[in-house]
A.B. asks: 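Have a look at this one.
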Amino acid sequence: MPARDRDFQFDMTSINDLPPRRIPPRSSALTGSESRLDKLSRETFLSLWSYPGVCRDQGSGKGDRGAKEVCDLLVVFEKDILIFSDKTCEFPATGDLSLDWKRWYQRAIVKSARQARGAERWIREHPTRLFLDRSCKHPFPYPLPDPASARFHRIVVASGASGRCREELGGSGSLMLRLGFEEIPGLDLPFSVGRPDGHPGLIHVFDEVTLGVVLRALDTVSDLVNYLVAKERLASTVRMVAVPGEEDLLARYLKHLGPSGTHDFGFPTGYDGIMIEEGAWEELAMNPQWLAKLEADRVSYAWDALIEKFTHYYATGESSLSANAGVHGFEQGLRFLARESRVRRRMLADALLQNMQKAREGTERSTRLVIPTRAGDPHYVFLAFHHPPHIPEERYRITRRAMLDALARATRLRWPEAVDIVGIGTDPLESPNMSEDLLYLDGREWDAEAVAEAEALQRHFGLFTALKFGQATAKEYPEPPRGRREPYRKAGLQFGRNDPCPCRSGKKFKRCCGSGR
């Protein structure tokens, strides 16, 4: 179990530890860097939508010999398709820095960019000919979005230059970025990345330093995709953006909120060129409010743990699906859970755990409804239900699922605008044998018969008879504790230099987010 999940009672089991039935096994023939990329992606995107080593059959039908790897990692979530090409190349040492850089750039970046472009072309032209294995026996498990409406994000991970970059330039060792809509190949300036192939459409280039920084700071699919889209928009509208490193561009994005409350870069308009000063990431990483955010986010990983447990149920075929949901409905419910941003997961996990705590304190059952605050969000119904000791487990689970189904129908009855309803049923907090149920109700399929059934269930179970309304908000950057509002180096905060870094990299704070340049 990941360290970040130890405080939450969801008893997770890794999907990789069990023989799947609905979802074929993930590729195990990975290099060291590919394994790192796969691990980071599963922490960000979770297991169900992220697959390494996806292959194409080349039309030969022979598998193995006829198969060819499309990309090192493919992530498909709703309309977004993320294509990762990963290369680790040793940086040459001929004594001529310009020559060394050009050779490394061609092998590590240009070659990966071509793979990413080729993968996009193949997916657009042959979306049904993707496989999870070289024998081409296991098709990609989900239908891909229509290429006409899909958003493709091409991502190159180029490793091997950071050590030489630190020797020559100092700093973190991350590659400099030069974004713009003019052709900027990046060959003329060592350790600087522009458009690797000169074609339209940005190719994101991460290195061994910035890959972990980005995927840990933006560790939900919605948070990462929003950043990639904002960066792509920036590169297409400004003639030149010069950035000392991807981490500094990320810091600018995380610190700025646009008028709609979403993150953006906040650059002024009317300029042909924009430059970001070095040190923006270090400044953010030592900001007390950023560290307070990381601390506040801890509870949100209970939501991630719950998604992964439901993913295990779905992948192994162990889930008992509600009659009104089926396999498709179960997966749709999972998508709603995974779509939530880190801040929303914080609020939802807190509401879920509070409901479980209330049931633990003696209530036979405790329910909580979370009404959406944005268009397209579902209504969430949380049910914590005591398991009487004399009732067999199977009967208890059937009763709890029936109650959860009744709550979802009563929600649709009480709130006619509820078109997507996601129900989560649990035991009370700290129960000896925790179990969870997931239900999805499509409120669009609603007729007179459904209304009559919902009314009968509402009366039978006495649902929503004594409603208590409250408002909960989650501030992305909470105020730090009193007396800890000075930068890290002046006040020490709650993270000592030798403590584990709160970004969950596994490194000491002084070697990670708290490192100097």
Side-chain angles (χ1 to χ4, degrees), residues 33 36 86-113 155-180 182-196 202-217 231 234-235 238 240-255 265 267 273-286 488-489 497 501 503 505 507-517:
S33 61
R36 178 181 180 240
D86 178 80
K87 290 285 186 298
T88 299
C89 300
E90 185 178 357
F91 200 89
T94 65
D96 183 337
L97 178 59
S98 178
L99 177 63
D100 293 345
W101 167 251
K102 290 177 180 179
R103 288 179 175 176
W104 183 87
Y105 189 93
Q106 288 286 350
R107 290 199 295 263
I109 296 180
V110 174
K111 189 175 180 180
S112 291
I155 302 168
V156 165
V157 180
S159 302
S162 63
R164 184 71 175 274
C165 183
R166 278 191 294 269
E167 289 178 11
E168 300 289 341
L169 304 178
S172 67
S174 62
L175 299 176
M176 296 179 286
L177 302 182
R178 293 188 296 168
L179 308 177
E182 293 183 342
E183 183 176 343
I184 307 170
L187 285 170
D188 56 332
L189 181 62
F191 311 111
S192 175
V193 177
R195 289 190 182 275
L202 182 66
I203 292 181
H204 303 271
V205 180
F206 299 147
D207 52 55
E208 61 262 53
V209 176
T210 57
L211 176 67
V213 170
V214 172
L215 291 190
R216 287 191 176 99
K231 186 179 166 189
L234 175 68
V238 178
M240 169 66 82
V241 180
V243 187
E246 183 83 40
E247 70 271 38
D248 291 319
L249 184 65
L250 173 64
R252 172 84 188 196
Y253 173 84
L254 290 171
K255 289 192 292 186
F265 298 106
F267 292 126
I274 294 172
M275 180 177 292
I276 297 178
E277 292 185 358
E278 188 175 17
W281 174 253
E282 182 187 72
E283 180 184 346
L284 175 67
M286 294 187 294
Y488 163 78
R489 295 187 190 281
R497 285 177 56 76
C501 188
C503 77
S505 67
K507 300 179 182 179
K508 293 182 179 181
F509 182 63
K510 67 182 180 182
R511 300 293 184 192
C512 191
C513 292
S515 62
R517 286 191 164 217

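Residues: numbered from 1 along the sequence shown.
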A.B. asks: Return the minimal non-hydrogen interatomic distance between Ala113 and Ile203, and the atom names on each side.
C.D. replies: CB-CD1, 3.5 Å
A.B. asks: Tell me, please, which residues at least two apart from Leu97 pass side chain to side chain contact (heavy atoms under 4.5 Å, CB included).
C.D. replies: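 Result, side chain to side chain contact (heavy atoms under 4.5 Å, CB included) vs Leu97: Phe91, Arg164, Glu168, Pro190, Phe191.
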A.B. asks: Considering all heavy atoms of both residues, which atom of Tyr105 and which atom of Ser192 are nearest to each other, and what is their separation?
C.D. replies: CE1-O, 3.9 Å
A.B. asks: Which atom pair, heavy atoms only, marks the closest approach of Glu247 to Ser172?
C.D. replies: OE2-OG, 2.9 Å
A.B. asks: Just verifying a value: how many Å separate Glu278 CD and Glu283 CD, rounded to the nearest 0.5 Å?
C.D. replies: 12.5 Å
A.B. asks: Would the distance check show the side chain of Asp100 and the main-chain N or O of Thr94 forming a donor-acceptor pair, the cut-off being under 3.5 Å?
C.D. replies: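 Such a contact is found between Asp100 side chain and Thr94 backbone.
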A.B. asks: Do Leu179 and Lys231 have side chains that get closer than 4.5 Å, going by heavy atoms?
C.D. replies: yes
A.B. asks: When you look at Val156 and Val193, which way does the side chain to side chain contact (heavy atoms under 4.5 Å, CB included) test go after all the steps?
C.D. replies: CA-CA 11 Å; Val156 165; Val193 177; over 6 Å; no
A.B. asks: If you take all heavy atoms of Ala158 and Glu208, which pair is closest and at what distance?
C.D. replies: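 Here Ala158 and Glu208 meet closest at O-OE1, 3.5 Å.
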A.B. asks: Are Val243 and Arg252 side-chain neighbours, meaning at least one heavy-atom pair lies under 4.5 Å?
C.D. replies: no
A.B. asks: Run the numbers on Ile276 and Phe267 for side chain to side chain contact (heavy atoms under 4.5 Å, CB included), then give the verdict.
C.D. replies: CA-CA 10 Å; Ile276 297 178; Phe267 292 126; 3.6 Å; yes
A.B. asks: Would you indicate whether the side-chain heavy atoms of Asp86 and Ser112 approach each other to under 4.5 Å?
C.D. replies: no
A.B. asks: Which residues pass the side chain to side chain contact (heavy atoms under 4.5 Å, CB included) test with Lys111, not counting sequence neighbours?
C.D. replies: Lys87
A.B. asks: Should the ring pair His204 and Phe206 be called parallel, tilted or perpendicular, given that the plane angle runs from 0 to 90° and is split at 30 and 60?
C.D. replies: tilted
A.B. asks: Side-chain contact test, heavy atoms from C-beta onward, threshold under 4.5 Å: evaluate it for Glu246 versus Leu177 and give yes or no.
C.D. replies: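 Of all side-chain heavy-atom pairs linking Leu177 with Glu246, at least one is under 4.5 Å.
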A.B. asks: Rounded to the nearest 0.5 Å, what's the gap from CZ on Arg178 to CZ on Arg195? Could you check?
C.D. replies: 12.5 Å
A.B. asks: Working to the nearest 0.5 angstrom, can you tell me the gap between Leu211 CG and Arg216 CZ?
C.D. replies: 8.5 Å
A.B. asks: Measuring only between side-chain heavy atoms, which start at C-beta, is Ile109 closer than 4.5 Å to Pro196?
C.D. replies: yes
A.B. asks: May I ask you to decide if Pro92's main-chain N or O and Trp104's side chain share a donor-acceptor pair within less than 3.5 Å?
C.D. replies: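 Judged by distance alone, no pair lies under 3.5 Å.
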A.B. asks: One pair to check against side chain to side chain contact (heavy atoms under 4.5 Å, CB included): Ser174 and Thr210. What are the steps and the verdict?
C.D. replies: CA-CA 6 Å; Ser174 62; Thr210 57; 3.6 Å; yes
A.B. asks: Which atoms form the tightest heavy-atom contact between Asp248 and Gly279, and what is the distance?
C.D. replies: OD1-N, 3.5 Å
A.B. asks: State, yes or no, whether a side-chain contact exists between Trp101 and Leu189 at a heavy-atom distance under 4.5 Å.
C.D. replies: no
A.B. asks: When you compare the side chain of Val157 with that of Arg36, does any pair of heavy atoms fall below 4.5 Å?
C.D. replies: no
